[in-house]
Amino acid sequence: MLVDLDYFYAQIEERRNPSIRDKPVVVCVYSGRTEDSGVVSTANYIARRYGVRSGMPIVLAKKRLKDVESVFLPVDHDYYREISDRIMMILRGNADSFEQVGIDEAYLDVSQRTGGDFEKAAALAQLVKSEVRVQEGLTCSIGVGPNKVVAKIAADIRKPDGLTIVRPEEVKGFLSKLPVNRLIGVGKKTAERLEGLGVRTIGDLAGYDLQRLIECFGNSLGAYLHNASNGIDDEPVQERGEAESISRIATLKEDTLDLGVTTQTTDRLCQEVHERLVQRGLSFKSVGIVAVMKDLSIRTRSKTFEGPTDDLEVLRGTVKELFEKFLAESKVEARRVGVRISGLVKEKEAQKRLTRFF
DNA sequence: GTATGCTTTCGGC
DNA sequence: TTACGGCCGAAAGCATAC
């Protein structure tokens with residue numbers, strides 16, 4: 001089953017201050033550039049009725065809500081993380097195996113403890129919803145199905161506070177009428193390309209020739225589209241380890257092509273990334289930079305070392321070098337700049353021995 | 001031909 | 001009319017090694 005916590009950030013804010021429950025609540029990421037620059041992270045369902053959506057500029061959300069008393073709040077990520085961690089413990093306790101996806105979603109494999117009986121699984125889903133509601137005062141929506149793809153789509157059918165069960169014999173009928181964009185991995189771009197092939201629903205996709213799909217979308221996505229649309233998915237529910245990369249990005253006060261200006265910001269970002277690296281006792285092998293340009297296009301550059309290091313000055317220096325090269329050849333100004341490290345390894349001791357040797 | 005590793009882009013939340 | 005975050009993993013595309 002897939003458990004999805006409803007409009008998570010905004011619901012937490014409603015719980016923290018119940019007096020806002022009957023108003024539109026919009027949780028925002030303020031970029032700090034101007035008073036209201038930034039985007040909507042999550043909105044409650046009242047705000048959604050006015051057309052407010054995740055990823056929408058805050059200014060636009062305010063426009064949609066100009067005639068109604070509403071509440072705009074900044075994200076409080078550490079607080080949401082605490083609550084998420086507690087809820088994930090509850091969920092984990094109800095699963096044979098468990099896989100958290102993001103801060104507000106998790107897959108629970110319950111086939112062992114239910115013996116594959118969907119009636120038992122439905123009862124377990126009700127129990128999970130009630131535990132989350134009683135212990136944390138929050139609602140969630142759950143989808144139950146024979147695999148992850150079906151469970152995920154099922155969870156989206158009825159929300160908030162929904163529960164949708166799709167038994168194996170119901171899968172085909174359940175999927176066939178839904179639009180292709182309900183499948184994970186099918187965003188705007190893939191949906192448009194499919195539309196061009198005359199494929200609008202998952203049923204259309206299920207009946208489409210596999211070889212043609214592979215020609216159009218490559219081996220991986222082609223095979224996935226074919227299998228998923230037919231309700232076939234063997235992906236195991238698997239515990240996810242720690243993140244494989246650490247990154248920070250920030251919006252500049254003004255768009256620029258000046259290395260001195262970007263370095264002021266990236267030096268700080270390097271320090272924060274490095275702090276998280278040290279906390280986890282790791283070293284990194286690759287350094288990447290990302291720039292979001294004035295026109296919102298995204299550019300990245302990266303460099304990989306021969307061996308791992310945990311040196312902040314190496315990180316700062318590499319980031320500066322990468323930006324120096326990048327900015328020199330760039331025509332548009334940068335709006336946001338970021339730093340990412342990857343190739344993370346637990347190799348502090350081995351590395352120290354090596355550097356001493358040379 | 002196949003495996004592996006690196007750089008960049010895409011897209012989910 | 002425009003407006004615009006901050007993460008993360010997956011995979012495409014390419015080069016090189018075997």
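The model shown is predicted, which means the values in this text are computed figures rather than measured ones. Naming convention: chains lettered A, B, ... in sequence-line order (proteins, then strands); numbering from 1 in each chain.
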Asker: Can you tell me how far C1' of B/dT9 sits from CD1 of A/Ile289, to the nearest Å?
Answerer: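 Atom CD1 in A/Ile289 sits about 15 Å away from atom C1' in B/dT9.
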Asker: May I ask you to verify if any side-chain N or O of A/Lys63 is less than 4.0 angstrom from the OP1 or OP2 atom of C/dC4?
Answerer: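 No, outside the criterion.
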Asker: So what does A/Ile246 touch, heavy atoms closer than 4.0 Å: a base, only the sugar-phosphate, or nothing?
Answerer: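 Here A/Ile246 touches the backbone only, sparing every base.
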Asker: Measure from the side chain of A/Lys152, starting at C-beta and using heavy atoms only, and say which of C/dC7, B/dC13, C/dG9 lies closest.
Answerer: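 Looking only at side-chain atoms, A/Lys152 lies closest to B/dC13.
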Asker: Between C/dC7, B/dC13, C/dG6, which nucleotide has the shortest distance from any of its atoms to the side chain of A/Asp104?
Answerer: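 Ranking C/dC7, B/dC13, C/dG6 by closest atom to the A/Asp104 side chain puts B/dC13 first.
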Asker: Per the side-chain contact (heavy atoms from CB on, under 4.5 Å) rule, which among A/Asp311, A/Thr266, A/Asp267 passes with A/Arg316?
Answerer: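 One option only clears the test, and that one is A/Asp267.
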Asker: What distance, rounded to whole Å, do you find between the two C1' atoms, one in B/dG11 and one in C/dG5?
Answerer: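 B/dG11 and C/dG5 have their C1' atoms separated by 15 Å.
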Asker: Looking only at side-chain N and O atoms, does A/Arg335 come under 4.0 Å of OP1 or OP2 in C/dG6?
Answerer: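 Answer is no, no contact under 4.0 Å.
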Asker: Would you mind classifying the nucleic acid contact of A/Thr42 as base, sugar-phosphate or nothing, using non-hydrogen atoms under 4.0 angstrom?
Answerer: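 Here A/Thr42 touches no strand at all.
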Asker: Using only side-chain N and O atoms of A/Ser31, determine if any of them is under 4.0 Å from OP1 or OP2 of C/dG5.
Answerer: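 Answer is yes, contact under 4.0 Å.
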Asker: May I have the distance from A/Arg340 (atom CZ) to C/dG5 (atom P), rounded to whole angstrom?
Answerer: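 To the nearest whole Å, that distance equals 19 Å.
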Asker: Regarding B/dG12, can its base be found pairing with the side chain of A/Arg182 as donor and acceptor, where the two atoms are less than 3.5 Å apart?
Answerer: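 No, no donor-acceptor pair under 3.5 Å.
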Asker: On the nucleotide C/dG5, are OP1 or OP2 found under 4.0 Å from the side-chain N or O atoms that A/Arg33 carries?
Answerer: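 No, no such contact exists.
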Asker: Of the options C/dC4, C/dA3, B/dT7, whose atoms approach the side-chain atoms of A/Thr304 most closely?
Answerer: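 Minimum distance to the A/Thr304 side chain belongs to B/dT7.
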Asker: Look at all strands and tell whether A/Gly338 reaches a base, only sugar-phosphate, or nothing, counting heavy atoms closer than 4.0 Å.
Answerer: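 The residue A/Gly338 makes no contact with any strand.
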Asker: Looking at A/Arg301 and A/Glu321, does any basic side-chain N land under 4.0 Å from a carboxylate oxygen?
Answerer: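 Salt bridge between A/Arg301 and A/Glu321, a charged N being under 4.0 Å from a carboxylate O: no.
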Asker: Please confirm whether the shortest side-chain N or O distance from A/Arg336 to OP1 or OP2 of C/dG6 is below 4.0 Å.
Answerer: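 Result: yes.
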Asker: Does this structure show an ion pair linking A/Asp36 with A/Lys62, if we count only N-O contacts that are shorter than 4.0 Å?
Answerer: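 A salt bridge links A/Asp36 with A/Lys62.
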Asker: Would you check, one step at a time, whether the test salt bridge (charged side-chain N to carboxylate O under 4.0 Å, His left out) holds for A/Asp161 with A/Lys129?
Answerer: CA-CA 8 Å; A/Asp161 205 10; A/Lys129 282 167 68 74; 2.9 Å; yes
Asker: Look at A/Lys320 together with A/Glu313 and state whether they make a salt bridge at an N to O cut-off of under 4.0 Å.
Answerer: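 Judged by the 4.0 Å cut-off on N to carboxylate O distance, A/Lys320 and A/Glu313 do not form a salt bridge.
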Asker: Over how many whole Å does the gap from A/Leu296 atom CG to C/dT2 atom P extend?
Answerer: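 These atoms are roughly 13 Å apart.
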Asker: Taking the minimum atom-to-atom distance to the side chain of A/Glu105, which one of C/dG9, C/dG5, B/dC13 wins?
Answerer: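 From the listed options, B/dC13 comes nearest.
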Asker: To the nearest Å, give me how far apart CD1 (A/Ile184) and C1' (C/dG9) are.
Answerer: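 Distance, rounded to whole Å: 13 Å.
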Asker: Using heavy-atom distances to pick each residue's nearest nucleotide on DNA chain C, tell me which of A/Arg240 and A/Ser54 is more 5'.
Answerer: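 Its nearest nucleotide being more 5', the pick is A/Ser54.
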Asker: Reckon A/Ser286 has a side-chain N or O less than 4.0 Å from the OP1 or OP2 of B/dC6?
Answerer: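 Result: no.
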Asker: Within this structure, what is the CE-to-C1' distance between A/Met56 and C/dC4, rounded to whole angstrom?
Answerer: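 Whole-Å distance recorded here is 11 Å.
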Asker: For A/Ser245 and for A/Thr251, find the nucleotide of DNA chain C with the closest heavy atom, then tell me which residue's nucleotide is more 5'.
Answerer: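 With A/Ser245 and A/Thr251 compared, the 5'-side residue is A/Thr251.
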Asker: When the distance from CG of A/Asp255 to C1' of C/dA3 is rounded to whole Å, what number comes out?
Answerer: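 About 14 Å, once rounded to whole Å.
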Asker: Let's see if you can work this out: which of B/dT8, C/dG5, C/dA3 has an atom nearest to the side-chain heavy atoms of A/Pro57?
Answerer: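 Closest nucleotide to the A/Pro57 side chain: C/dA3.
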Asker: Output the single nucleotide from C/dA3, B/dC13, C/dC7 whose closest atom is nearest the side chain of A/Val59.
Answerer: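 Nearest to the side-chain atoms of A/Val59, counting from C-beta on, is C/dA3.
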Asker: Nearest whole Å is fine: how far is B/dG11 P from A/Ile298 CD1?
Answerer: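 So the CD1-P distance, A/Ile298 to B/dG11, works out to 11 Å.
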Asker: Given B/dT8, is OP1 or OP2 found less than 4.0 Å from the side-chain N or O atoms of A/Ser302?
Answerer: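 Affirmative; the distance criterion is met.
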Asker: Closest to the A/Thr300 side chain: B/dC13, C/dA3, B/dT9?
Answerer: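 Given the options B/dC13, C/dA3, B/dT9, the side chain of A/Thr300 is closest to B/dT9.
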Asker: Report yes if a side-chain nitrogen or oxygen of A/Ser247 is closer than 4.0 Å to either non-bridging phosphate oxygen (OP1 or OP2) of C/dC7; otherwise report no.
Answerer: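 A/Ser247 to C/dC7 OP1/OP2: no side-chain N or O under 4.0 Å.
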Asker: Does a side-chain N-to-carboxylate-O contact under 4.0 Å join A/Lys148 and A/Glu235?
Answerer: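 The answer is no: the pair does not qualify as a salt bridge.
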Asker: What class does the angle between the rings of A/Phe284 and A/Phe305 fall in, given that below 30° is parallel, 30 to 60° is tilted and above 60° is perpendicular?
Answerer: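 Ring orientation of A/Phe284 relative to A/Phe305: tilted.
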Asker: Can you tell me which nucleotide in B/dC13, B/dG11, C/dC4 comes closest to the side chain of A/Thr190?
Answerer: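 My answer, after comparing the listed nucleotides, is B/dG11.
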Asker: Would you mind classifying the nucleic acid contact of A/Val186 as base, sugar-phosphate or nothing, using non-hydrogen atoms under 4.0 angstrom?
Answerer: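 A/Val186: backbone/sugar contact only, no base atoms under 4.0 Å.
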Asker: Round to a whole Å and report the spacing from CG of A/Leu221 to P of B/dG12.
Answerer: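 The distance from CG of A/Leu221 to P of B/dG12 comes to 11 Å, rounded to the nearest Å.
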